[in-house]
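Whatever order the structure lists ligands and atoms in, that order sets their numbers, starting from 1.
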Amino acid sequence: MKTENLPALPAEQKRTAAADFARDGFFIAPPLIPAELLARVRPRIDAVYAGEYETGIPPCGSPKGSSVPPTSLVKIDNTHRSDRTIHELVSHPAIGRWAAALTGAKTVQVFATQLLIKPPGSTGAGNVGWHQDYEYWDYALEGDVFTAWVAVSDVTAESGPMRFVRGSHRWGLLKAGDFFGGDLGAIQQRILAKTGGAKWEERAAVLAPGAVSFHHKLTVHGSGPNLSTGPRVSFAIHLRTDQSRFPDGLKWETVPYLNDPDDMQGSPITYRETA
Ligand SMILES: O=C(O)CCC(=O)C(=O)O
C-alpha cells in the first residue's frame with residue numbers, strides 16, 4: 001500500500017506542538033477524523049463486537065468483558081485486521097502527519113491497536129488503571145514508540161476521559177502501573193513511591209468525536225468511571241517510527257499483539273517522509 005501524505009503542517013504549528021509534546025509527554029490535536037468516516041466506523045465496531053469479521057481475520061486475543069451490552073471495560077486488540085473501515089480509521093494519514101510532526105519521524109507505522117469501550121455506569125469495572133504503555137512493550141520494541149488515541153464518541157469530562165500525568169514521561173520506566181487495576185488511588189501511590197517525590201499533575205483529555213490525543217511511551221495515564229449516559233468509544237493506536245526496532249533475536253510472531261511489520265493490513269504505514 002502506498003502512503004499518501006497530506007500537505008505538511010505549517011512549520012510554526014509543528015514547532016510548538018513538538019515542544020508541547022516534549023515538555024508534557026502528551027499532546028491533544030484538533031479533530032482529525034472526518035465525521036463521515038466516524039459514521040461508517042460506528043456500525044463496524046458493533047459488528048466486530050458481535051463477532052462479525054469482514055476480512056475473516058479475528059481480532060487478537062479474546063474480547064474482554066464481552067457481555068451484551070458490556071458492563072465493564074472492553075478491550076479488543078487489532079480489530080483493524082478484522083474490518084476494512086476500522087483499518088481506514090486507524091491508518092488515517094492525518095494521524096500519521098501529526099505523529100510525524102510531534103516526533104520528527106521519517107516513517108510512522110501502526111504496530112498494534114486496541115478498541116476500547118467504556119460502558120456507562122461501569123463504575124470501577126470501567127477504569128483503566130494508571131500505567132505507562134512501555135511497561136507492556138519494553139521487551140518487544142526499542143526506541144521511538146508511542147500512542148495515538150482517537151475519540152469515536154464524544155469524550156466528555158463525565159465519560160471517564162483518559163487522564164495524563166504531565167511530565168511523567170521523564171520519570172523513567174517505573175513498572176508500577178496496572179492497566180486492569182480498578183483502584184486508581186492505590187496505583188497512584190505505588191507509582192509515586194517509585195519517583196522519590198515527583199509532582200502529580202493530571203490533565204483530562206476531553207475530546208470531540210474524531211479528535212486525537214498522542215502520548216509518549218513513558219507517560220503515566222489512566223481513566224476513571226464513565227458517569228455519562230452513553231458508552232465512551234475509542235481506538236488506541238500504537239505507533240512506531242523509523243527510530244524503533246525489535247530487540248535482537250525477538251521474533252515478532254511470538255508477541256501476541258504484534259503484527260507482521262511487512263504486512264500493510266496488520267501494520268499500515270501512515271506517514272513516510274518525501275524528499
Ligand atoms: O482508554 C483509556 O482510558 C486508556 C487507554 C490507554 O491506556 C492507552 O491508550 O494507552
Distances under 3.5 Å, N/O of ligand 1 against N/O of the protein: list each pair and its distance.
{"from": "ligand 1", "atom 1": "1 (O)", "to": "W149", "atom 2": "NE1", "distance (Å)": "3.0"}
{"from": "ligand 1", "atom 1": "1 (O)", "to": "R232", "atom 2": "NH2", "distance (Å)": "2.6"}
{"from": "ligand 1", "atom 1": "3 (O)", "to": "S223", "atom 2": "OG", "distance (Å)": "2.6"}
{"from": "ligand 1", "atom 1": "3 (O)", "to": "R232", "atom 2": "NH1", "distance (Å)": "3.0"}
{"from": "ligand 1", "atom 1": "3 (O)", "to": "R232", "atom 2": "NH2", "distance (Å)": "3.4"}
{"from": "ligand 1", "atom 1": "7 (O)", "to": "H131", "atom 2": "NE2", "distance (Å)": "3.0"}
{"from": "ligand 1", "atom 1": "7 (O)", "to": "H221", "atom 2": "NE2", "distance (Å)": "3.0"}
{"from": "ligand 1", "atom 1": "10 (O)", "to": "D133", "atom 2": "OD1", "distance (Å)": "2.9"}
{"from": "ligand 1", "atom 1": "10 (O)", "to": "D133", "atom 2": "OD2", "distance (Å)": "3.2"}
{"from": "ligand 1", "atom 1": "10 (O)", "to": "H215", "atom 2": "NE2", "distance (Å)": "3.2"}
{"from": "ligand 1", "atom 1": "10 (O)", "to": "H221", "atom 2": "NE2", "distance (Å)": "2.9"}

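- We find that D83 and R44 are joined by a salt bridge, their nearest charged nitrogen and carboxylate oxygen being less than 4.0 Å apart.
- Hydrophobic clustering (ILVMFWY, side-chain heavy atoms < 4.5 Å, transitive): I33 and V206 are in distinct clusters.
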Side-chain donor-acceptor pairs of residues 140-152 under 3.5 Å, sequence neighbours excluded:
{"from": "E142", "atom 1": "OE1", "to": "R245", "atom 2": "NH1", "distance (Å)": "3.4"}
{"from": "T147", "atom 1": "OG1", "to": "D133", "atom 2": "OD2", "distance (Å)": "2.8"}
{"from": "T147", "atom 1": "OG1", "to": "H238", "atom 2": "ND1", "distance (Å)": "2.9"}

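- Atom CE of M162 is separated from atom OG of S213 by 3.5 Å, given to the nearest 0.5 angstrom.
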Go through H215 and F164 one step at a time and tell me if the ring-ring contact (aromatic ring centres under 6.0 Å, His included) criterion holds. CA-CA 8 Å; H215 60 270; F164 298 116; 5.3 Å; yes
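- Comment: K199 engages E201 in a salt bridge, judged by a side-chain N to carboxylate O separation of less than 4.0 angstrom.
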